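In this text the structure is predicted, and so the values were computed from the model without any measurement. First listed ligand is number 1; within each ligand, the first listed atom is number 1.
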Amino acid sequence: MRVLVVEDETALAEAICAILRREGYAADMANDGKTGLDKAMSGKFDCMILDIMLPVMNGLDVLSYLRVMQNEIPVLLLTARSEIDDRIKGLDCGADDYLTKPFATGELLARVRAMTRRLGIAPDINPKFGDITLDLKKGELICQTSSVVLGRKEFRMMELLISSSGNIVTKESFAEKIWSGEDDSANNNIEVYISFLRKKLQMLHSHVQIKTRRGIGYCLEVTQ
Ligand code: CA
């Protein structure tokens, strides 16, 4: 799995590449839009993380050009918080997903995994926390020799919880990432799905528990 990182903030680009490499991806970077476009057109990469604000050629122009040239490389756009319009334009231009800066490492990896999974090119890197592993291909939660199948929303919630490595995932974050575009009953649904996940963790006799941080959200914790 080869990932192209197009980002002009060199320190950030290098940090993203280092994170990806640690997870078993091959990563290369370009520091301006034109170089990024040339590398993307080379066909050597499986997916691309593309910043919008770039020198020489901005990210949206790079993306539009790729799609006009019928290059369908999966693209995860990086946007600043103030660039909401650009985010919409980006999705219109054919981006597969976007991530708002600043972002957590786990979130970046979850997005890259989700993007590559949709395209059937996901590497065999299953996220783990404590004694549990999330099987990305089978959609199962595994503990020791037992496993349970997760529903689609349960799966996405568990993926977010594991990728935040014990830190809190806010209710807003669940609502935005899993219930976006759906009705406003997300908040009640979140609690229901958390209770489903707790039951499944118990069924697996896992030491991992989902803790409630009242009024904020949920996090994973290993208990003995
Ligand atoms: Ca930039």
Give me the other members of the hydrophobic cluster that Ile216 sits in, counting Ile, Leu, Val, Met, Phe, Trp and Tyr linked by side-chain heavy atoms under 4.5 Å, directly or via other members.
Ile168
According to a 4.5 Å side-chain heavy-atom criterion applied to Ile, Leu, Val, Met, Phe, Trp and Tyr, with indirect links allowed, do Leu99 and Ile73 form part of one hydrophobic cluster?
no
Sidechain N-carboxylate O distance under 4.0 Å for Lys177, Glu172:
no
Without placing hydrogens or testing angles, list every side-chain donor-acceptor pair under 3.5 Å for residues 33-43, not counting sequence neighbours.
from  : atom 1 : to    : atom 2 : distance (Å)
Lys34 : NZ     : Asp38 : OD1    : 3.0
Lys34 : NZ     : Asp38 : OD2    : 3.0
Thr35 : OG1    : Asp32 : OD1    : 3.1
Thr35 : OG1    : Asp32 : OD2    : 2.7
Lys39 : NZ     : Asp28 : OD2    : 3.2
Lys39 : NZ     : Met29 : O      : 3.0
Ser42 : OG     : Lys39 : O      : 2.5
Ser42 : OG     : Lys44 : N      : 3.2

When the side chains of residues 53-64 are checked against the rest of the protein, which donor-acceptor pairs come out under 3.5 Å, sequence neighbours left out?
from  : atom 1 : to    : atom 2 : distance (Å)
Asn58 : OD1    : Leu60 : N      : 2.8
Asn58 : OD1    : Asp61 : N      : 2.9
Ser64 : OG     : Leu60 : O      : 2.9

Are Ile52 and Leu12 in one and the same hydrophobic cluster, where Ile, Leu, Val, Met, Phe, Trp and Tyr link if side-chain heavy atoms are under 4.5 Å apart?
no
Under 3.0 Å from the Ca ion (ligand 1), which protein N, O or S atoms do you find? Ignore water molecules.
Asp8 OD1, Asp51 OD2, Met53 O
